[in-house]
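Order of the sequence lines fixes the chain letters, A, B, ..., with proteins taken first and strands second; residue numbering starts at 1 for each chain. Since we're looking at a predicted model, the values are computed, not measured. Only heavy atoms go into these numbers, but all of them, side chains included; no hydrogens, no water, no symmetry mates.
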Amino acid sequence: DAGVTQSPTHLIKTRGQQVTLRCSPKSGHDTVSWYQQALGQGPQFIFQYYEEEERQRGNFPDRFSGHQFPNYSSELNVNALLLGDSALYLCASSPLHWGDEQFFGPGTRLTVL
Amino acid sequence: AQSVTQPDIHITVSEGASLELRCNYSYGATPYLFWYVQSPGQGLQLLLKYFSGDTLVQGIKGFEAEFKRSQSSFNLRKPSVHWSDAAEYFCAAQTGANNLFFGTGTRLTVIP
């Protein structure tokens, strides 16, 4: 079992650009959640996808959008990048049962210059 | 407002000493509670979780946590710390929304 995988590992963009991050969930998991972890902070929930639909969303602007594919993998898109978007972006997968453990990937480190 | 508070930003302990990391939550009802560990450059690994029942929860790597409803706390403990325990520790809560709300983390340094 490969666990949760994310790509790319690192990414450098400039302000105003757009970025796409990718996540493959753990085998058997159908729910994918995305978190943003700024330096020195705890992860903050961005949104969650299940059955190819956004089921929940945290307090993030519309510049942050996502997608889930039929194989349960997911993408996080961020438009019009700001310096403040620099962070570690974590993907987590789980079965859709309240309280089930979320398994985290290693993250994608995004730097916006 | 719902929140998870980790009062200690940084803790330093000697190898072999005991450890306690504090976590307090503020929710209308008791949430599910979790402790995660994050090593540099790594994702988050679940140490343990509390849903209900026995208030003393055993986890991996020799960690345990005690849920105290009266104090709205879920503190993490380990009797004897190893150098490999140096990492960032996050307390998190989960309610009916099925997403995790994290504290700001406590960085643990272990000295020889």
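B/Glu88 CD to A/Gln37 CD: the interatomic distance, rounded to the nearest 0.5 Å, is 7.5 Å.
In terms of hydrophobic clustering, with Ile, Leu, Val, Met, Phe, Trp and Tyr side chains grouped at heavy-atom distances under 4.5 Å, B/Leu19 and B/Leu56 are assigned to different clusters. The cluster map of Ile, Leu, Val, Met, Phe, Trp and Tyr, joined by side-chain heavy atoms under 4.5 Å apart, puts A/Trp34 and A/Leu90 in different clusters. At a threshold of 4.5 Å between side-chain heavy atoms, the hydrophobic network of Ile, Leu, Val, Met, Phe, Trp and Tyr places B/Leu46 and B/Leu76 in two separate groups. Two different hydrophobic clusters hold B/Tyr32 and B/Tyr50 under the rule that ILVMFWY side chains link at heavy-atom gaps under 4.5 Å. When hydrophobic clusters are built by joining Ile, Leu, Val, Met, Phe, Trp and Tyr residues whose side-chain heavy atoms come closer than 4.5 Å, directly or via intermediates, B/Trp35 is not grouped with B/Phe102.
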* What do the steps show when you test A/Tyr35 against B/Leu44 for side chain to side chain contact (heavy atoms under 4.5 Å, CB included), and what is the final call? -> CA-CA 11 Å; A/Tyr35 293 81; B/Leu44 296 163; over 6 Å; no
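Between A/Phe104 and B/Tyr36, the ring centre distance stays below 6.0 Å.
Only the side chain of B/Gln38 comes within contact range of chain A, judged by heavy atoms closer than 4.5 Å. Neither the backbone nor the side chain of A/Gln44 comes within less than 4.5 Å of any heavy atom in chain B.
The 12-atom threshold is not exceeded at CZ of A/Arg15, counting heavy atoms of other residues, nucleotides or ligands nearer than 6.0 Å.
Nearest heavy atom pair, residue A/Gly42 against residue B/Phe90, reads CA-CE2, 3.4 Å. Nearest approach of B/Asn99 to A/Gln102, heavy atoms of both residues: CA-NE2, 4.1 Å.
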